[in-house]
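Note sheet for the following structure.
Remember, predicted model here, so these are calculated numbers, not experimental data. Order of listing sets the numbers, starting from 1, for every ligand and every atom in it. Atom set for the values below is all heavy atoms of this structure, side chains included, hydrogens, waters and symmetry mates excluded.
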Amino acid sequence: MIGDLHTASVQVQHMYAGSVQGLRRIGELQYEAQETRRSTLYALTTNNSNLQVEYADQSRGADRLVTDGIERYLAEARIPSEIELGRRLQKDWAAYLKVRDEVLASILEGSTKEAVDLDLSGGVPSFEHVRQDLEEVKRLYDEQAAEQLTVVDTSSRKSVVRLVGVLCFMLLFASASVWAIQRSKMLSALKLAKMQMDFVASVSHELRTPLTVICASAQNIADGVVDEKEQLAKYGSVIRHHSRQLTDLVNQILLFASTHEGRNRYVLRPIQVSEIVSAVLMNTRELAEEAGFAVEEHVATGLPPVTGDFSAVCQCLQNLVVNAVKYGGTHPSIVIRAFPGQRESHQEDEVSISVEDHGIGIDAAELEQIFEPFYRSPVVTAAQIHGTGLGLPLARDIAEAMGGQITVVSKVGVGSRFTLHLPAAKIVRMESIGAQRVAQS
Ligand code: ADP
């Protein structure tokens, strides 16, 4: 399009320089030729000898301009028809001037009659030739201008068509982009809304069950239905168990909200991996024992300490162990391993802590989704395994805040292995920045 516009502009300039200016110059030539002729006729029709001399001079002055103009036309002529016409004009003009000079000479000698005869026999026809030549030149310029105008017109039309095409394409492209963006926004909003609804449904269920048990137990005690010491102790432990469950649920939701919004302040320090594993095993022992799970522990010797916030890292690993119990299926064994590794992208040392179960496993298509807030596999909801869909997102947020990550390998019906990768603490670095570093996730 830019090329078209450039061509059109060049054509217009060419047209102006050639045809328009040429037409103007031919107009001037016609005027001067008429002036030459007019002065000669004035000289023929007056008896005043002074005026005759004056008109003769005027005629000669004007003819010089015409002669120069014809020479310039010839010098600028490019095409054969222009050159041929220029030469003819030059010849006809010279012929007329010859007759005109004879006429003027007769007038100045006083032979006016002879001059009139000469003009009628030779001057009139030869000037007519000049006039026709000039008309021909004009016509030639007109033709050239019309041709160039057609070229400019064609290229302008082409430009307009292309411009319209480009505009239509851009309009279509913009509309398609807006539509795609709106659609993807709408789809993700719908997905989020569905997940939130699932979350509300599952959380209300999770809340209602322990609340019902607590209320019923408290009611029995208040009504005096239970009065024996042994039974009271049993009811007390039921109430304590369900209250803890409720507290854990509320804590998890609050913790997820604060972690996800980056409101938690972590104290990063070097931690021994064995300390983390022991704390997590202690916190989950009761749960594992109740579910009849055996937990194996393999911590490699000589592991470097990791950098992290102790309670956050424990929380992260604990979520993985709780899931291994919940989704451990009919093979109640869990293995926790801690071993050294190297971070591929960073070329730095890391320590990996994996939690492996032999339970229901996860479909490959769901491996990314399980880390999205509120996501729960349809299999586990159908099996009525309780949960909120917040444990893994929370664990991942924590791992990333510690500069680490969580990876997962799983196969349906075989089991899953979740691995928490944490950067190894560098002694030099830790010394230089002090024993403690406060970071905001
Ligand atoms: P929740 O356990 O409360 O549903 P999570 O965020 O911890 O929420 O887990 C999300 C989903 O990932 C679970 O609902 C389950 O479908 C799947 N999942 C997590 N851990 C395991 C595991 N060890 N084995 C099989 N599925 C798992």
Q.
I'd like to check whether Leu392 has a polar contact with ligand 1, where a contact means an N/O of the residue lying under 3.5 Å from an N/O of the ligand.
A. yes
Q. Asp357 heavy atoms, cut-off 4.0 Å: which ligand 1 atoms fall inside?
A. 22 (C), 23 (N)
Q: Any chance you could lay out the side chain to side chain donor-acceptor pair (under 3.5 Å) test for Ser352 and Thr419, step after step, and finish with the verdict?
A: CA-CA 6 Å; Ser352 307; Thr419 308; over 6 Å; no
Q: Check each of Ile370, Leu394, Val379, Thr381 against atom 17 (C) of ligand 1 and report the one with the nearest heavy atom.
A: Ile370
Q: Identify, for atom 4 (O) of ligand 1, the protein heavy atom at the shortest distance, and state residue, atom and that distance.
A: Arg376 NE, 2.5 Å
Q | Over 12 foreign heavy atoms within 6.0 Å of NZ, Lys326 | A | yes
Q) At a non-hydrogen distance cut-off of under 4.0 Å, which region of Lys326 contacts ligand 1 (side chain, backbone, both, or neither)? A) side chain
Q. Nearest protein heavy atom to atom 21 (C) of ligand 1, by residue and atom, and its distance?
A. Tyr327 CD1, 3.4 Å
Q) Around atom CZ of Arg38, are there more than 12 heavy atoms of other residues, nucleotides or ligands at under 6.0 Å? A) yes
Q: Could you find the nearest protein heavy atom to atom 26 (N) of ligand 1 and give me its residue, atom name and distance?
A: Ile362 CG1, 3.3 Å
(Q) How long is the straight-line distance from CG of Leu74 back to CG of Leu85, given to the nearest 0.5 Å? (A) 9.0 Å
(Q) Once rounded to the nearest 0.5 Å, what's the spacing between atom CD of Glu286 and atom CZ of Arg244? (A) 6.0 Å
Q. Taking everything shown except Arg139 itself, do over 12 heavy atoms lie less than 6.0 Å from its CZ?
A. yes
Q: Indicate the atoms forming the closest heavy-atom contact of His331 with Phe293, along with that distance.
A: O-CE2, 4.2 Å
Q: Please could you name the atoms of ligand 1 that Pro393 approaches to less than 4.0 Å, counting only its heavy atoms?
A: 6 (O)
Q) Any nitrogen or oxygen of Gly389, main chain or side chain, under 3.5 Å from a nitrogen or oxygen of ligand 1? A) yes
Q: State the atoms of ligand 1, each with its element, that fall below the 4.0 Å cut-off from a heavy-atom position in Leu390.
A: 6 (O), 8 (O)
**Q.** Contact summary for Val325 and Ala291, nearest pair of heavy atoms
**A.** CG1-CB, 3.6 Å
Q.
Tell me whether Asn319 reaches ligand 1 (any heavy atom closer than 4.0 angstrom to a ligand atom).
A. no
Q: Around atom 7 (O) of ligand 1, find the nearest protein heavy atom and jot down its residue, atom name and distance.
A: Asn323 ND2, 2.8 Å
Q) Near Glu84 CD, under 6.0 Å, is it more than 12 heavy atoms from other residues, nucleotides or ligands? A) no
Q) Identify the closest protein heavy atom to atom 3 (O) of ligand 1: which residue and atom is it, and at what distance? A) Thr388 N, 2.7 Å
Q.
Check this for me - ligand 1, Ile360, N or O atoms closer than 3.5 angstrom, yes or no?
A. no
Q: Just let me know how Ser377 lines up against ligand 1, side chain, backbone, both or neither, with a heavy-atom cut-off below 4.0 Å.
A: both
Q | Main-chain N/O of Ser410 paired to Ser416 side chain as donor or acceptor, under 3.5 Å | A | no
Q) Where's the contact between Phe418 and ligand 1, heavy-atom distance under 4.0 Å: side chain, backbone, both or neither? A) side chain
Q. To which protein heavy atom is atom 10 (C) of ligand 1 closest, and what is the distance rounded to 0.1 Å?
A. Tyr375 O, 3.4 Å
